[in-house]
Amino acid sequence: QVQLVESGGGLVQAGGSLRLSCAASFSTSSNYAVAWFRQAPGKEREFVATINWSGGTTYYAYSVKGRFTISRDNAENTVYLQMNSLRPDDTAVYYCAADKGEYGSSWAGAYDYWGQGTQVTVSS
């Protein structure tokens, strides 16, 4: 069983930055790809970014590309989401998700494990 715990959310002004962390309890004998998704009030959960097991391959949603950076430290079993130039429409609950395998997906249904989420609020 994989447990994921997000942290780092909060309230920030537009143009500001936040770094989210996702601490994972992976088995060291298996590879896991990790992704970040977000869900704003009244909207469906949407893909933000994913990173493969080795950290060498990343993929971003168009809406965050160039502003957000996903990275991972496998020695610490932690995945990060650095968010810069935040906008009010980035306001959402951010979730990390893990999928056993080398590469991730932008499809939420591909992920077996989810964290509880962390709230990010960007004020204008």
Side-chain angles (χ1 to χ4, degrees):
Q1 185 73 16
V2 174
Q3 291 186 324
L4 305 171
V5 179
E6 302 97 333
S7 61
L11 173 64
V12 64
Q13 288 189 330
S17 298
L18 282 174
R19 188 177 81 156
L20 305 184
S21 298
C22 173
S25 61
F26 296 127
S27 165
T28 56
S29 63
S30 299
N31 296 346
Y32 287 88
V34 176
W36 287 94
F37 289 78
R38 65 187 182 186
Q39 188 166 18
K43 294 187 177 181
E44 293 187 354
R45 190 168 298 190
E46 67 170 350
F47 168 77
V48 175
T50 188
I51 188 166
N52 73 324
W53 170 249
S54 68
T57 300
T58 58
Y59 178 68
Y60 297 90
Y62 178 80
S63 59
V64 307
K65 196 169 185 179
R67 299 188 298 123
F68 292 9
T69 302
I70 189 171
S71 62
R72 68 191 296 164
D73 182 343
N74 284 345
E76 298 293 330
N77 276 355
T78 302
V79 175
Y80 303 98
L81 185 69
Q82 177 67 44
M83 305 186 296
N84 299 328
S85 302
L86 283 162
R87 309 186 303 220
D89 61 359
D90 293 317
T91 295
V93 177
Y94 283 70
Y95 300 90
C96 68
D99 176 36
K100 191 172 180 179
E102 174 65 27
Y103 293 98
S105 169
S106 60
W107 177 50
Y111 295 88
D112 294 323
Y113 305 102
W114 292 82
Q116 82 289 350
T118 185
Q119 176 71 47
V120 172
T121 303
V122 184
S123 63
S124 58

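It should be emphasised that the depicted structure is a prediction, and the values quoted were computed from it without experimental measurement.
Val12 has its side chain out of reach of Thr121: every pair of non-hydrogen atoms, C-beta onward, lies at least 4.5 Å apart.
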For this session: Check the pair Tyr113 / Tyr32 against side-chain contact (heavy atoms from CB on, under 4.5 Å), numbers first and verdict last.
Result: CA-CA 10 Å; Tyr113 305 102; Tyr32 287 88; 4.1 Å; yes
Problem set entry | Residue pair Leu81, Thr69: steps toward the side-chain contact (heavy atoms from CB on, under 4.5 Å) verdict | CA-CA 6 Å; Leu81 185 69; Thr69 302; over 6 Å; no
Problem set entry | Steps toward side-chain contact (heavy atoms from CB on, under 4.5 Å) verdict (Met83, Leu20) | CA-CA 8 Å; Met83 305 186 296; Leu20 305 184; 3.7 Å; yes
For this session: Please assess Gln116 against Glu6 for the test side-chain contact (heavy atoms from CB on, under 4.5 Å), listing each intermediate value before the final yes or no.
Result: CA-CA 7 Å; Gln116 82 289 350; Glu6 302 97 333; 2.9 Å; yes
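With values rounded to the nearest 0.5 angstrom, Trp53 atom CH2 is found 9.0 Å from Glu102 atom CD. One finds the SG atom of Cys96 at 9.0 Å from the CD1 atom of Ile70 (value rounded to the nearest 0.5 Å). Of the inter-residue distances, the one linking Ile51 atom CD1 with Thr57 atom OG1 reads 8.5 Å to the nearest 0.5 angstrom. Annotation: the span from Asn52 atom CG to Asp99 atom CG amounts to 12.0 Å, rounded to 0.5 Å. Once rounded to the nearest 0.5 Å, the distance linking NZ of Lys100 with CG of Asn31 reads 9.5 Å.
For residues 111-124, there are no salt bridge (charged side-chain N to carboxylate O under 4.0 Å, His left out) pairs, not counting sequence neighbours. Sorted by first and then second residue, the pairs that involve residues 83-95 and meet side chain to side chain donor-acceptor pair (under 3.5 Å), not counting sequence neighbours, are Ser17-Asn84, Arg38-Asp90, Arg38-Tyr94, Arg67-Asp90, Gln82-Asn84, Arg87-Asp89. Within the structure, salt bridge (charged side-chain N to carboxylate O under 4.0 Å, His left out) contacts touching residues 47-64 (residues at least two apart or in different chains) do not occur. Among residue pairs with one or both ends in residues 55-87, none qualify as disulfide (SG to SG under 2.5 Å); sequence neighbours excluded.
Applying the ring pair (Phe, Tyr, Trp, His ring centres under 6.0 Å) criterion to Tyr111, with sequence neighbours excluded, gives Phe37.
Phe47 and Trp36 are not part of a single hydrophobic cluster, where members link through side-chain heavy atoms under 4.5 Å apart.
Taking the six-membered ring wherever Trp is involved, the centroid distance between the rings of Tyr103 and Tyr59 does not fall below 6.0 Å.
The two residues Ala33 and Arg72 have their closest heavy-atom pair at CA-NH1, 4.1 Å.
Under a 4.5 Å side-chain heavy-atom cut-off, the cluster of Ile, Leu, Val, Met, Phe, Trp and Tyr residues that includes Val5 has no other member.
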